[in-house]
Visitor: 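Quick one: the structure is below, and I'll ask about it shortly.
In the text below, chain A, chain B and the rest are named by the order of the sequence lines, each starting its count at 1.
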There are 2 protein chains.
Amino acid sequence: MARSGNGVEPPQPPGDGAPTAELPKVTDRAVGRARAIPEAAVARLAVYLRVLSAMADQGAVTVSSEELASAAGVNSAKLRKDLSYLGSYGTRGVGYEVEVLVSEIERTLGLTRKQTVAVVGIGNLGHALANYAGFPGRGFPVEALFDVDPDLIGVPVGGLPVQHIDDIPKVCAQKRIAIGIIATPPAAAQGVCDRLVAGGVQCILNFAPVVLQVPSHVEVRKVDLAVELQILSFHVARKAEQRHAGRSAAKRAERNGRAPANRAGQRNGGRATARRTPSNGEVV
Amino acid sequence: MARSGNGVEPPQPPGDGAPTAELPKVTDRAVGRARAIPEAAVARLAVYLRVLSAMADQGAVTVSSEELASAAGVNSAKLRKDLSYLGSYGTRGVGYEVEVLVSEIERTLGLTRKQTVAVVGIGNLGHALANYAGFPGRGFPVEALFDVDPDLIGVPVGGLPVQHIDDIPKVCAQKRIAIGIIATPPAAAQGVCDRLVAGGVQCILNFAPVVLQVPSHVEVRKVDLAVELQILSFHVARKAEQRHAGRSAAKRAERNGRAPANRAGQRNGGRATARRTPSNGEVV
DNA sequence: CCGATTTTGTGCACACGTTCACAAGCGTTA
DNA sequence: TAACGCTTGTGAACGTGTGCACAAAATCGG
C-alpha cells in the first residue's frame, strides 16, 4: 500500500472479519482505525508459520511464546505482540495450540486460497524460479511463463511452455494471475510491469534492479542482490574501520565471542524465513 | 514441545535481554559514535548509487535532491537526510556533483575494495548466481563454489570448478572470502554456515529458509522467496476483503488511479535497487 | 553590492516499531 | 476452594525513522 506523501491515510475500513471474535479493541487514536497489522509483523508471521509447521510435523501440540520466539529468532515480547494482531488464540499459563496458530496465520496471510503466479524472464533466475514448481510448499502454483526470446517461446520449462511477453495481459487476465514475478534485465522490467498490470495482476515481486512505476493499487516488493551485497559490504567496511581505529572507546569485549548469538533476528530489514516444505530439495 | 529440561536455549551471551534477568543496560553503542548510518539509509544509498551511475553514464554533472529523489523513488527530504550522513557534499542553490556523490557513496559502502564472494549450493539458484559472473557490475567477484553432490565436484560452473563443502573453511581462509552466499536446501544451511564462519567469512547472504545461528561478529542477511510471496498474498487478501466489506469508510477515490504512484519507494522493508551494469543481460 | 532565487542541511514533531513490565487468566496442587 | 505458579496479552516507555518547514549558503541579475 502506498504510503502517501501528503499524510493522507488511505481509508482503511473497519471490517476486521475475525471469525469468532466480536469487537476488536479499537484503540484508534485517529478515526476509524480498527487494526492494521504492521508490515514488519506480517513478515515475521510468515517465519512463525514455517517454524510452527515444522513443530507440527514433529508432533508438537502446544508452544509457549518463549519457545516459538527463540526458534524464530526474535524475542518473546515481540512474538506475543505479533500474534496478538491475529486475536487472542493463546491460553494463559499454557501457551498456544500449534494447529490453531498455523491456521490463524494462514488465514491472515491469505494462504487459504491459492495465489497463482507468473514468472517473466526465463533467464538464469527465471529458470530457477520456474523449476521450483509448486513454489513454497504449496499455495503459489506457477501457471505461466513469459520471455521475449523467440527461441524460448513454446519450450516447456518445469512443465510449462514459455509464452511471449506480448501475451502477458491476455494470459494473465484469463488465468487470473495474482502475482507476477519479474526476473528480466533491468531495461525490460518496466515494460513487463506495465503488461502485468494491464493483465490485472495485483502484486509484483521484482528481481530487476529498477524502481518500478505502478498504479497505487498494485503492490510491489523488490529483491535486489546487488543491494544486499552492498549492505554487507558496508558492514565489512564498518567493522574493519572499527578494528583499525580501535582502541579508546572500542574495547568490544564481545567482539570475538563465538556464542550462537543471532540477537535481534537476522538482519534483514523486515524479512524472514519460509514455510512448510520440511524435506524438499534445493532452495529455489 | 514441553519446556522441561529441554534447555535448547543456547548460552545467550551478555549483550541483551535474557528473560527474567537483571542485565547490564549498557548503552555501549552510544560511546563516541558520532555518526552511525541507519540501516535503512544504507539500503537506500545503494539505490542512489545505481541511479547516479546511470546518470553519470548519460553525462550528467550535477543533480538536485529533487531529481535524484524522484528517480530513486523516495522523497527529497529523506534523500537529503540520507546524503547528509556522508557529510556535506552538496552545494546550496546548485545541487550535488554526480561524480562526488558516487565516490562518496562507494567509499561509505566499502566498495573501494573488492569483496570476494563464495557461493554454496550449486542447485538452480546457486547456478544462476555463479553464472552471474562478476556480479553486480563489479566489486563482488565470485571466487569459489561449493556443493556436496559428488557429481558436481570439479565441474566448472561459470568458469570456476565446484569444490566440496568440507573444503569451505580451508578455501575460504586461503582466498580470504569476505561474503558467503548460501543457496542450499534448508537442512544443510546451518552446517554450511558454520563452515563459512570457520573459514573466516564475515558476512552471509542466506537464501535458505532457516534462521541461522552465528557468532555476533558475523553479519547475516536473508532473502526469502516464500516470505516475499506470503507478504504479497497478505496484501491481496487484505484488498479483497476491503473490496467486499468495502463501502462505508472506503470510497477509494484514488484506488484505480493509474498515476505513476510509487511514492515512499518500493515496499520492501528496507531494500532497494542495484548499481551500474548499465547494459548487461539477464538479471542474475 | 544587493536582492531575488534556488537548493541544501537540519531542527523538530510525529508516526512507527520494539521492548519492558505487569496485571489478568488458566491449570494445578494442597 | 484457595493459593500458587506459569504464560499470555497489552499499556506505556523508549528508540528509530520519516516528513515538514525553514534558515543558511550559493549563484545570478541588475
Visitor: Look only at the side chain of B:T91 and the backbone of B:V94, and say whether a donor-acceptor pair between them is shorter than 3.5 Å.
Guide: no
Visitor: What's the CG-C1' distance between B:L83 and C:dT10, to the nearest Å?
Guide: 13 Å
Visitor: Got a second to check how far A:I231's CD1 is from B:L109's CG, nearest 0.5 Å?
Guide: 8.5 Å
Visitor: Give the nucleotide from the list D:dT18, C:dC20, D:dG11 with an atom nearest to the side chain of B:A40.
Guide: D:dT18
Visitor: Once salt bridge (Lys or Arg N to Asp or Glu O under 4.0 Å) is applied, do any residues pair with A:K239, and if so which ones, sequence neighbours excluded?
Guide: B:E219
Visitor: What's the CD1-P distance between B:I37 and D:dG17, to the nearest Å?
Guide: 12 Å
Visitor: Which pairs, with at least one residue in residues 90-99 of chain B and sequence neighbours excluded, count as a salt bridge (Lys or Arg N to Asp or Glu O under 4.0 Å)?
Guide: none
Visitor: Under 3.5 Å, side chain of B:N206 to main-chain N/O of B:V210, donor-acceptor pair present?
Guide: yes
Visitor: Nearest of C:dT18, C:dG17, C:dT8 to any side-chain atom of A:P38?
Guide: C:dG17
Visitor: Round to a whole Å and report the spacing from CD of A:E66 to P of D:dG5.
Guide: 19 Å
Visitor: Find the distance A:L68:CG to D:dT7:P and express it as a whole number of Å.
Guide: 14 Å
Visitor: Report each atom pair, protein N/O against N/O of nucleotides 1-4 of chain D, whose distance is under 3.5 angstrom.
Guide:
none

Visitor: My understanding is that only residues two or more places apart in sequence, or in another chain, count here; which of them pass side chain to side chain contact (heavy atoms under 4.5 Å, CB included) with B:S76?
Guide: B:S65, B:E66, B:A69, B:R80
Visitor: Checking B:Q190 now: which residues fulfil side-chain hydrogen bond (donor to acceptor under 3.5 Å, both in side chains) with it, not counting sequence neighbours?
Guide: B:D194
Visitor: Measure from the side chain of A:S65, starting at C-beta and using heavy atoms only, and say which of C:dT8, C:dT10, D:dT8 lies closest.
Guide: D:dT8
Visitor: If the condition is side-chain hydrogen bond (donor to acceptor under 3.5 Å, both in side chains), which residues does A:T108 pass it with, not counting sequence neighbours?
Guide: none
Visitor: Please write out the pairs of protein N or O atoms and N or O atoms of nucleotides 26-30 of chain C separated by less than 3.5 Å, giving the distance to one decimal.
Guide:
| unit_1 | atom_1 | unit_2 | atom_2 | d |
| --- | --- | --- | --- | --- |
| C:dC26 | O4' | A:R92 | O | 3.4 |

Visitor: So, under a plain 3.5 Å distance rule, would you say the side chain of A:K81 forms a donor-acceptor pair with the base of C:dT19?
Guide: yes
Visitor: Check nucleotides 28-30 of chain D against the protein and report each pair of N or O atoms closer than 3.5 Å, with its distance, or say if there are none.
Guide:
none

Visitor: When the nearest nucleotide of DNA chain D is assigned to B:A77 and to A:S88 on a heavy-atom basis, which residue is associated with the more 5' position?
Guide: A:S88
Visitor: Rounded to the Å, how far apart are B:N75 CG and D:dA21 C1'?
Guide: 13 Å
Visitor: Holding to side chain to side chain contact (heavy atoms under 4.5 Å, CB included), I want the full list of residues that pass it with B:A71, two or more places apart in sequence or in another chain.
Guide: B:V51, B:M55
Visitor: Okay, side chain of A:R221, backbone of A:I204: is any donor-acceptor separation there less than 3.5 Å?
Guide: no
Visitor: How many whole angstroms separate atom NZ of B:K78 from atom C1' of D:dC20?
Guide: 13 Å
Visitor: Between D:dC6 atom P and A:Y96 atom OH, what is the distance in whole Å?
Guide: 18 Å
Visitor: Holding to side-chain hydrogen bond (donor to acceptor under 3.5 Å, both in side chains), I want the full list of residues that pass it with B:Q115, two or more places apart in sequence or in another chain.
Guide: A:S233
Visitor: Rounded to the Å, how far apart are B:E39 CD and D:dG15 C1'?
Guide: 16 Å
Visitor: In chain order, what residues pass the salt bridge (Lys or Arg N to Asp or Glu O under 4.0 Å) check against B:R107, with sequence neighbours excluded?
Guide: B:E104
